[in-house]
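Treat the numbers as computed from the prediction; the structure is a model and nothing was measured. Labels below follow one simple rule: chain letters A, B, ... track the order of the sequence lines, proteins then strands, and each chain is numbered from 1.
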Amino acid sequence: MPYPFQEIESKWQARWDETCAFRAVPGGGPKFYLLEMFPYPSGRIHMGHVRNYTIGDVAARFKRAQGFSVLHPMGFDAFGQPAENAAIKQGVDPEAWTLRCIDWMRKELKRMGLSYDWDREVVTCLPDYYRWNQWIFLKMFERGLATQAAAPVNWCSGCETTLANEEVIDGACWRCKQPVALRQLKQWFLKITDYAEPLLNDLEKLTHWPQPVRTMQQNWIGRSEGVEIDFRIEGTKETLTVFTTRPDTIFGATYVVAAPEHPLVSKLLAGRPEGEKLRVFAERAARASTQERLAAGEKKEGVFTGLTAVNPVNGEKIPIWAADYVLMGYGTGAIMAVPAHDQRDFLFAQAHGLPVRMVIAPPDLPRRGSGTWTEAYEGEGTQVNSRQFDGLPNSEGKVKIAAWMEAQKMGRRTVQWRLRDWLISRQRYWGTPIPMIHCGACGVVPVPAEQLPVVLPEKAPITGEGGSPLAKVEPFVRAACPKCKQPARRETDTMATFFDSSWYFLRYCSPKAVDGPFDPKEAAFWMPVDQYIGGIEHAILHLLYSRFFTKFLKDLGLLKIEEPFDRLLTQGMVLKAGEVMSKSRGNVVDPDSVIAAYGADTLRLFILFAAPPEDSLEWNDSGIEGISRFLNRVWGLLEKLPDPKAPAADPAADAELLKLTHRTIKRVTGDLESFKFNTAIAALMELRNGQEKLLPGASGQAARESVERTVRMLGPLAPHLSEELWERLEHSGGLTRVPWPKADPALTAESEVTLVLQVNGKVRSRLTVPAGADPKQVERQALADPAVQKWLEGKKPKKVIQVPGRLINLVV
RNA sequence: GGGCGGAUGGCGGAACUGGUAAACGCGCGGGAUUUAGGAUCCCGUCCCGAAAGGGUUGGAGGUUCGACUCCUCUUCCGCCCACCA
């Protein structure tokens, strides 16, 4: 008979609800803000959620037991495409659909026994939240951080609408299967690039973040130092500026390449036959999807423009090409090509018969030969064919040539960033309306802050066809210009949902604030988030945007901190048979069915036990039996308790039981602090196994001490069962505020240690000595050991290595 | 192509700072209990060998008294990014 988990779990969940057991209240201990990434309310929780929220919940309960005043909130990232797609496919109202999903998911989360302060719930699709999206947007606009620019979107001419990248399948629309084209559209951008420098530099402060995440962000921001060089275009007054990180190779430039869509080149070619050729090429390049570019591989397509550039360092005239391997979006949209020292340039030069000139001699030049190369040499070497710089190591040449060019006004040193501005416009219904008004006379005018929120209108025609739904809601679109009061039109784009999730952690500090997005005093108290937990897939975008918002809000004077998240744990994925669990693969294991069969405590423990949090987790149905057995054995502890006044039948058992108990406290405490839940659970299993043997001989007092401490340690992991046992052990008031047990150092100390005796690094014997025994004495005992003597074969050891408390190695 | 990470029994995993490889659990084998099944409890379980002993952390080398752990090369797998000048 398994323990009555259903009854116990619903009893305690109800009690926690009634007593608001997990309300975050300042005071009564140092603050600890523990946050897990909030879910998109798709309707069902999946194992990834279970894992994420269990890890967070154990940490939250552990911190409470350690005396912290814990803020542990939950909410819903409720705007987004799935609701809109449900509206398109089933004709449901996105809001009703979303709120229904939220209700269901909240219920499921409660069934997991997660200790949230539900009073602080945040739902991003409600006006009391998204009005502050609009407010923050207006502040950004005021400071020039929100700007409009043309950008390409995926356009389906069949549906006459914009598509997200994931809706473009093999270059075709997911709904009507027609080919998708790129179309330029004026859209809103946030100038995150203004914050590139602090976003990069402050990564150094995030010492409690996993190194891979910091590296990924660093690469994403991508700072590179280089030189902008001006190439005069022959026969014109124009200059083509290129960017290079390798000024040391400037004397090896044999041609120049511009991006196909480079505006200067198309301007110069207007009306000429090459212009038409270029236009066709640029269009093809723009239409090519990433996949096609990948398929094209190293073909390096390009067209000669007929134009000639003059290399400023030597006056050499070299051709200007346009090629798709140069990107308009990076640097200046043009490069100097040095085929000898850049593999991409090399391949292009080969394909189009362009010359190759070595200017960096490799150290092993004689072996390579200076004649025809089969690939570019990108390594270090000595400057050659570089006039006054010949003979310098190229590392030095790099610095000197850059300085010289700058002095000669041929170019200037600059820094380039890989980071792009953040496009937030979406031609969608289910998102925050961008609070802007387009006036024929005044241009783009912000909605005055006191008119917020700009409420998303109900009953918009959401068909997935014919452009943005909001544009079709005339009463919404029609507005008076805030400046001149003349009729004007509202912006009909909505915000990307990443905007919503870039500051939700601040809203939790004061979820009902009406004077601003959050109360600065509350945020000053709770922020930063002490521990953030979520999937590795958010390692770049979400975390970077949240860091950006935090820095911006600090500049507004609303925050005092530079960084939002102090510690970060990125949890691995949940797999089934080596594959990600997903609906499309049809390999999902439904958490609800596991809870029904085994209970939430068993599910929680199993998912923690199966793998360390950062690793991917292989779901295996059979393993759950072991956890279920363990919890049943813990339940059975109550029956094994002797009479409280009973003396010890076996005094040795008493001592051993207490020793085991306190050693387990030490292990479990350390493991929980470092998120090693799997070994913490293993330690508790060992304790329970030991109790099986030791409880019958123990005194009533020792037995009770051991069992009560076991229950307290299990509290954060299996909260329902632990609460029930705690109550049955005749304690009132619940387990939540009961302090975490402390290990008694007198009981955890070892009195004896067993040393391993090695001869030539091989284990030959063991030796038990008192802890802290004299090394000389230990060595003598080791040498006297019969097994050791046998292996020494009468020889004297050359060397004796003793690691106190661990081993002795005798080398002969 | 680039970046990041990983590989330990039949399986999930453990191993402190370089110091007894395989803790804990699953599975499997055996036993006890039971009319039977289930549940529960106990014992065993990396490989070879009768034993003594030997071998073993994807593979090949290296450093060290000693390597799952550090270094070099290599194979395979996963994730992210995609020609970043």
* To do: Could you tell me whether A:Glu686 and A:Arg663 make a salt bridge, using a distance below 4.0 angstrom between a side-chain N and a carboxylate O?
  => no
* Asked: What is the distance from CG of A:Asp615 to C1' of B:rG13, rounded to the nearest Å?
  -> 9 Å
* P atom, B:rU74 versus B:rC26: distance in rounded Å? -> 42 Å
* Whole-Å distance separating the NZ atom of A:Lys676 from the P atom of B:rA14 -> 9 Å
* Asked: For atom C1', what is the distance between B:rA23 and B:rC77, given to the nearest Å?
  -> 27 Å
* Structure fact -> Separation of B:rG3 atom P from A:Gln217 atom CD, nearest Å, is 19 Å
* Asked: Counting heavy atoms not belonging to A:Glu656, are there more than 12 under 6.0 Å from its CD?
  -> no
* **Presence of salt bridge, A:Arg412 and A:Glu228, under 4.0 angstrom** => yes
* What is the ring orientation for A:His352 with A:Phe348, classed by angle as parallel under 30°, tilted 30 to 60°, or perpendicular over 60°? -> tilted
* Asked: Which comes earlier along RNA chain B counting from the 5' end, the contact point of A:Arg420 or that of A:Arg806, where each point is its nearest nucleotide?
  -> A:Arg806
* To do: Kindly point out which of B:rC79, B:rC65, B:rA85 is positioned nearest to the side chain of A:Thr244?
  => B:rA85
* Anything under 30° is parallel, anything over 60° is perpendicular, the rest tilted; go ahead and classify A:Phe498 against A:Tyr545. => perpendicular
* Asked: Can you tell which of B:rC4, B:rC80, B:rA14 lies closest to the side chain of A:Ile540?
  -> B:rC80
* To do: Counting Watson-Crick and G-U wobble pairs only, both distances under 3.5 Å, name the nucleotide matched with B:rA32, or none.
  => B:rU40
* A:Gln218 has an atom CD; how far is it from atom C1' of B:rC81, in whole Å? -> 15 Å
* Asked: Between A:Leu721 and A:Leu631, what is the shortest heavy-atom contact and its length?
  -> CD2-CD2, 3.7 Å
* Asked: Could you go step by step and tell me if A:Asp230 and A:Thr239 meet the side-chain hydrogen bond (donor to acceptor under 3.5 Å, both in side chains) rule?
  -> CA-CA 6 Å; A:Asp230 301 323; A:Thr239 307; over 6 Å; no
* Asked: For the pair made of CD in A:Gln211 and P in B:rG5, what is the distance, rounded to whole Å?
  -> 8 Å
* To do: May I have the distance from A:Asn632 (atom CG) to B:rG38 (atom C1'), rounded to whole angstrom?
  => 14 Å
* To the side chain of A:Val756, which of B:rC81, B:rU20, B:rG5 is closest? -> B:rU20
* Asked: Are the side chain of A:Asn311 and the backbone N or O of A:Ile250 linked by a donor-acceptor pair below 3.5 Å?
  -> yes
Listing time: all N or O pairs from protein to nucleotides 22-26 of chain B that are below 3.5 Å?
from: B:rA23; atom 1: O2'; to: A:Glu686; atom 2: OE2; distance (Å): 3.2
from: B:rG25; atom 1: OP1; to: A:Asn689; atom 2: ND2; distance (Å): 3.0
from: B:rC26; atom 1: OP1; to: A:Arg629; atom 2: NH1; distance (Å): 2.7
from: B:rC26; atom 1: O2'; to: A:Ser622; atom 2: OG; distance (Å): 3.0

* Do any side-chain nitrogens or oxygens of A:Arg764 fall under 4.0 Å of OP1 or OP2 in B:rU20? -> no
* Structure fact -> Taken to the nearest whole Å, CD/A:Gln758 to P/B:rG18 is 17 Å
* Structure fact -> Pairing partner of B:rG5, by Watson-Crick or G-U wobble and under 3.5 Å for both distances, is B:rC77
* Minimum-distance nucleotide (side-chain atoms of A:Ile801 versus B:rG19, B:rG13, B:rA85) -> B:rG19
* Asked: From B:rG12, B:rA85, B:rC43, pick the nucleotide closest to the side chain of A:Phe243?
  -> B:rA85
* Asked: Does A:Phe5 offer a backbone N or O that forms a donor-acceptor pair with the side chain of A:Tyr598 under 3.5 Å?
  -> no
* To do: For B:rG18 and B:rG44, measure between their P atoms and round to the nearest Å.
  => 33 Å
* To do: Would you mind telling me which of B:rC42, B:rA85, B:rU20 lies closest to the side-chain atoms of A:Glu692?
  => B:rC42
* How would you label the glycosidic angle of B:rG54: syn (within 90° of 0) or anti? -> anti
* Does A:Val803 or A:Asn219 map to a spot on RNA chain B nearer the 5' end, using the closest nucleotide for each? -> A:Asn219
* Base paired to B:rG27 (Watson-Crick or G-U; both N/O distances under 3.5 angstrom) -> B:rU45
* Select one nucleotide: of B:rC83, B:rG54, B:rC79, the one nearest the side-chain heavy atoms of A:Lys762. => B:rG54
* To do: Report the distance from atom NZ of A:Lys798 to atom P of B:rG66, rounded to the nearest whole Å.
  => 10 Å
